[in-house]
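Below: one structure, written as C-alpha cells.
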Amino acid sequence: MIHPVDTLLSLVLLSILFSFGSSRLPGLIKALAFQGIIVSVVPLFIGHGVTGEGVLFTSVTLIIRGIAIPLCIYLAIKKVGIKREVEPIIGYNASMLIGLFLILASIFAGKKFNINAIGDVSLLVPTAITVLIGGIYLLIARRNAIAMVLGYIMMENGIYLVGTSFSVRVRHIVEFGILLDVLAGVMIMAVILQNIKQEFDDVDTALLRTLKE
Amino acid sequence: MVEIIILIPLLTGILAFFLPRSPGRQLLVLTGVLHLLLSIFLWAKQPEALLPDYFAITSEGLLSLIVISLLFFMISIYTTTYLKISNYKSEKMFTGSMLMFLATMTMVTLSDHIMVMWIAIEATTLASAPLIFTHKTPSSLEATWKYVLVCSVGIAMALLGSVLITVSMEVANIDAPLSFSALSNVAKGLDPMWLKTGFIFILVGYGTKMGLAPMHTWLPDAHSEAPSPASALLSGVLLNCAYLGIFKTNKIMMAAGLGDFSGAILMVFGLISILAAATFILKQTEYKRLLAYSSIENMGIIAFGTGIGGIGAYGAVLCLIHHSLIKSSLFLTSGNILLGYGSKLIDKTGGLVKRMPKSFVAFFAGFAAISGFPPFGIFIGELFIIIGAFRSGHYTAATLFILSLCVIFAGFANQAMKISFGDSAEAARIEEKITMVWPQYALLLTSLVLTFWIPDTLYQTIVHAVTSISGGF
C-alpha cells in the first residue's frame with residue numbers, strides 16, 4: 001500500500017523537475033513555494049501523533065517558507081524590474097535529464113539507510129537527498145543571483161526534511177534554527193541583491209568577476 | 001550570569017545605530033573595555049550559566065573568549081582613529097555591526113549546545129556581512145555577495161552535519177541533551193556511521209567559515225575588501241570561532257573512539273589548505289590578499305596539528321593564539337599602509353622603512369612572526385606540530401608540510417621586502433598617528449611575551465583543552 005506521505009513526497013520530486021526545467025524566475029519561485037508548503041506539512045504526518053505544539057510550528061513554518069519568502073522575492077523582482085531569465089550555465093533539457101538521474105541515484109542511495117523513526121515512508125530519504133542536491137545544483141548551474149538564492153532555499157528545504165523527519169526528539173530546536181537561517185539569510189541576500197541591481201543594473205553573477213584568481 | 005557578556009555588546013550594538021559619530025566611537029572603546037573586564041572575570045570565577053543547557057564555560061571557549069576580548073579592545077582603539085581619517089558615510093552601520101559581530105562571536109565561544117553553536121556561527125556571518133560592504137564599491141559588493149552565499153551554503157552543510165549527529169542518537173536510541181559535553185559522555189553509544197557522516201559535514205561546513213581549502217574562495221575577497229579593522233577581526237577571531245565548532249565536534253569523535261578517522265580527515269584538509277596557500281601566495285599582487293592567504297595557510301597548519309593530536313594539538317592551539325595576535329596586528333598595519341599610499345597593490349607601495357617607520361616596525365615584526373621566525377610563538381607551535389607528525393609516523397605529510405612552509409616563507413618574504421625596502425614613487429614621510437601604531441605593538445608584544453612566559457593558569461587551560469581531543473601528550 002502506498003503511504004499517503006509518499007504521495008506528498010512525489011509531488012516534491014515533481015517540483016524539483018519543474019524547477020530544473022523552468023526558464024523564468026516567476027515559474028521557479030512558484031515551484032519553490034509549492035515545495036516549501038509540502039515540505040513544511042510532511043513532518044506532521046511522520047512519527048508521533050498530532051500535538052498542539054507541532055501544529056503551531058508547522059503553520060509558522062508554512063507561512064514563512066511557503067508564502068512569505070516566495071512572495072517577498074516575487075514582489076522584489078517585480079518592483080526593481082529584474083530580468084526574468086534564469087541564465088542557465090547548463091541547459092534546461094540537460095538539467096531535466098540530470099534531475100531524473102538524481103532521483104534514481106537517490107532512490108538507490110536511500111535503500112542503504114534504515115531508520116526506524118520514519119516507518120514505512122519509503123520516499124522520504126530519497127526525496128530529502130534529491131532536494132538537497134537539487135538545491136546545490138541550481139546554485140551551480142544558474143548564473144542569475146535570484147535563481148541562486150532560490151537554490152539556497154531549496155537546499156534548506158532538504159535539510160529541513162532531514163532534520164524534522166529523522167530526529168524526532170529534538171525536532172523543534174532544529175526547526176527553529178533552520179527557520180532563523182532561512183529568514184535572516186534571505187533578508188541579507190535581498191539587501192545585497194538590491195545593491196547589485198543598483199550598481200550593475202542586472203543580477204547576472206557573470207558581472208561579478210573582478211575578484212578572481 | 002555568563003550570558004551578560006553576550007548581551008552587553010548586543011545592546012550597545014543596537015544603541016550604536018542611533019548614536020552620532022563621535023559618541024559611537026567612544027561606545028566602541030567602552031564596550032571593548034567592559035568586554036575585556038568581563039572576560040577576565042569569567043576566566044577567574046568560571047560561574048554557572050543561567051541556561052546551562054545551552055551555554056557553558058569550557059577551557060577552549062575561555063581561550064577563544066580572552067583572545068577575542070583582547071583583540072577587540074586593541075582594534076577598537078585603532079578603529080576610532082581609523083574612522084576619523086576615513087570618514088565613512090555609513091559609519092553608524094559600521095560601529096553597530098562591529099559590536100553585533102562581537103556579541104555573536106562571544107556567543108560562539110560560550111555555547112555548548114550543538115544547535116546554539118550553529119545558530120551563533122550563522123549569526124556571525126550575518127553580523128559581519130555589512131562590515132565587508134562598508135566601502136560600497138562594486139568589488140566590495142561582489143566580495144559581500146560571495147561571502148554571504150558561500151558561507152551560508154557552507155553553514156547549511158554544518159547544519160546538516162548537526163542534524164545527522166542527532167540522527168546518530170536517534171538510531172542508537174540514546175536520550176541525552178544535545179550539548180557537546182553531554183554528547184561526549186554518551187559518545188561511545190552513538191551510532192558510528194551517522195556520527196562519522198555528521199562529522200564530515202560539520203568539518204566541511206565550519207571549514208568553509210574557517211577558510212580551509214578548497215572551500216576558502218570567499219576569504220581572500222572578504223579580507224581584502226573589508227576595512228582594515230574589520231579584516232583584523234575577521235582574520236583574527238572569526239576564523240577561530242569556526243575552528244571552535246570543529247574542535248568541539250572532534251572532541252565527541254575522540255570520546256567515541258573515532259579519533260583516527262577525524263584526525264586523518266583534518267590532516268588532509270589542513271595539508272590541502274597549506275598547499276593552496278603556497279600556490280597563491282607566490283603570485284599575489286595585493287598585500288591584503290597576501291595576508292588573507294597567509295590566514296588560510298595558518299588555518300591549514302592548525303587543522304593539521306589538531307589532526308595529528310598529542311603534542312601536535314598543543315602546537316595547534318599555540319598557533320591559534322599567536323596567529324590571532326599577529327595577524328590582526330598585520331591587518332591593522334595594512335590599514336596604515338592603505339591610508340598612506342592609497343592603493344592595495346604591492347607595486348604602488350615601497351620604501352615603508354623610510355616613509356612610515358613606525359608602521360614598518362609593526363609590519364616587519366609581524367611578518368617575521370607570522371612566517372615562523374624564532375623567537376615568536378608560531379615558530380614553537382609549528383615545531384611542536386612537526387615533532388608530533390614525525391613521532392606519530394606521518395613522514396610524507398610532515399615533509400609536505402615543511403616544504404610548503406618554506407615556499408610560503410619565500411613568497412611572503414619577497415613581497416614583504418618589496419613593501420618595506422622597494423622603490424617608492426615619492427620619498428616624503430607619511431604622518432602616522434600614535435593610536436594607529438601602538439595597538440599593533442601591544443599585540444605583537446603580547447605574542448612575544450607569551451612565547452617565553454605562559455602564565456600558569458593559561459597553560460593549565462590550554463592543556464585541559466588539548467587533553468580532551470588527544471588524551472594527553
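Every chain is numbered from 1, with letters handed out A, B, ... down the list of sequences. Hydrogens, waters and symmetry mates are skipped; everything else that's a heavy atom, side chains included, is used.
Residues of residues 110-119 of chain B lying under 4.5 angstrom from chain A, judged on non-hydrogen atoms, are His113(B), Met115(B), Trp118(B), Ile119(B) in numerical order. Within residues 128-136 of chain A, the residues having any heavy atom less than 4.5 Å from a heavy atom of chain B are, in residue-number order, Leu132(A), Ile136(A).
Note that OG of Ser152(B) and CD of Glu156(A) are 8.0 Å apart. Values are rounded to the nearest 0.5 Å.
A 6.0 Å sphere centred on CZ of Phe201(B) holds no more than 12 heavy atoms belonging to other residues, nucleotides or ligands. The environment of NZ in Lys344(B) is crowded: more than 12 heavy-atom neighbours from other residues, nucleotides or ligands sit within 6.0 Å. By the 6.0 Å contact criterion, CZ on Phe18(A) is open, its count of non-hydrogen atoms from other residues, nucleotides or ligands being 12 or less.
For the set Leu141(B), Leu159(B), Thr217(B), Asp191(B), the entry with the most heavy-atom pairs within less than 4.5 Å of chain A is Leu141(B).
Heavy atoms of Tyr54(B) lying under 4.5 Å from chain A belong exclusively to its side chain.
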